[in-house]
Amino acid sequence: EAEADPIDALLATMTSADETARSSGGNALFDRLAGEIASFGGLYRNGHCAVAVVLTHMAEADHAIRVVKAALEPLRACPDGIRVHPVQGEFTYVELVRYHAAARELLRIDGVRGSKIDYQLNRLVVYVASRRVAHAVIEALPALGIPEKAVVFQLNSGQTPSRKITASEP
């Protein structure tokens, strides 16, 4: 049996227990990191005892690595410490949470199944029933203050496994 990765346990508990905070994508650790790292775009597991820190400005990489390591230091189950790898992103965590909160309005569009923040993609994922719905979402984004490039779609009819699509697919 593979050894459990303490990063998995941490990431599984990162989202707030508070439904309001969780539904907006926010969590206490990420809020703290965003307060200390101006270009913080998120955090995700990318190996055993390893995380990627998403940054919109790579010039902050050394600072971000120090801050993330300090925040995750209580994970004593990583005998060699935690490896932190900076990766380039386009959107900050604060922007993504704001977009996710605004995306609640998209649920008014028939066929929108929900949304979530994907920190590895550094995008807002919107679950839609069809490409037609994705096009309706794209038309609604400007009024919500959400840039089109911040959104990816995942096809989810509710009856079949979902798959990622682009709005430009036929």
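As the structure is a prediction and not an experimental result, all values here were calculated from the model. By convention here, the first residue in the shown sequence is residue 1. Atom set for the values below is all heavy atoms of this structure, side chains included, hydrogens, waters and symmetry mates excluded.
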(message) side chain to side chain contact (heavy atoms under 4.5 Å, CB included) for L43 and Y119? Distances and angles first, verdict last.
(response) CA-CA 6 Å; L43 191 72; Y119 295 106; over 6 Å; no
(request) With sequence neighbours left out, write down each residue that passes side-chain hydrogen bond (donor to acceptor under 3.5 Å, both in side chains) with Q88, or none if nothing qualifies. (result) none
(message) I'd like to check the side-chain contact (heavy atoms from CB on, under 4.5 Å) partners of I109; sequence neighbours left out, ordered by chain and number.
(response) L106, V112, V133, A136, V137, A140
(message) Can you give me the closest heavy-atom contact between E105 and R108, atom names plus distance?
(response) OE1-NE, 2.8 Å
(message) Applying side chain to side chain donor-acceptor pair (under 3.5 Å) as the test, list every pair that has at least one member in residues 54-63; sequence neighbours left out.
(response) S39-E60
(request) State which residues pass side-chain hydrogen bond (donor to acceptor under 3.5 Å, both in side chains) with R66; sequence neighbours excluded, sorted by chain then number. (result) none
(message) Return the CD to CG distance between E95 and N122, rounded to the nearest 0.5 Å.
(response) 8.5 Å
(request) State, to 0.1 Å, how close L55 and A61 come at their nearest heavy-atom pair, and which atoms those are. (result) CD1-CA, 3.6 Å
(request) Any salt bridge (charged side-chain N to carboxylate O under 4.0 Å, His left out) involving residues 119-129? Give me the pairs, sequence neighbours left out, ordered by first then second residue. (result) E90-R123
(message) L29 vs L72, test: side chain to side chain contact (heavy atoms under 4.5 Å, CB included). Steps then yes/no.
(response) CA-CA 9 Å; L29 174 63; L72 301 182; 4.0 Å; yes
(request) Let me know which of N46, I65, V67 forms a side-chain contact (heavy atoms from CB on, under 4.5 Å) with V84. (result) I65
(message) Which heavy atom of F40 sits nearest to which heavy atom of F30, and what is that distance?
(response) CE2-O, 3.7 Å
(message) With heavy-atom distances below 4.5 Å as the criterion, would you say the side chains of Y93 and D31 are in contact?
(response) yes
(message) Has R98 got a side-chain atom pairing as donor or acceptor with I146's backbone, closer than 3.5 angstrom?
(response) no
(message) Restricting to non-hydrogen atoms, name the atom on A134 and the atom on F153 that form the minimum distance, rounded to 0.1 Å.
(response) O-CZ, 3.6 Å
(request) Looking only at non-hydrogen atoms, find the nearest pair between A103 and L124 and report the distance. (result) CB-CD2, 3.8 Å
(request) Under the side chain to side chain contact (heavy atoms under 4.5 Å, CB included) rule, what do V68 and I37 come out as? Steps first, then yes or no, please. (result) CA-CA 9 Å; V68 170; I37 306 166; 4.2 Å; yes
(request) Return the minimal non-hydrogen interatomic distance between F91 and P147, and the atom names on each side. (result) CE2-CG, 4.2 Å
(message) The criterion is side-chain contact (heavy atoms from CB on, under 4.5 Å); which residues satisfy it with V87, sequence neighbours excluded?
(response) Y44, A52, V54
(message) To the closest 0.5 Å, what do you measure between OG (S130) and NE2 (H135)?
(response) 9.0 Å
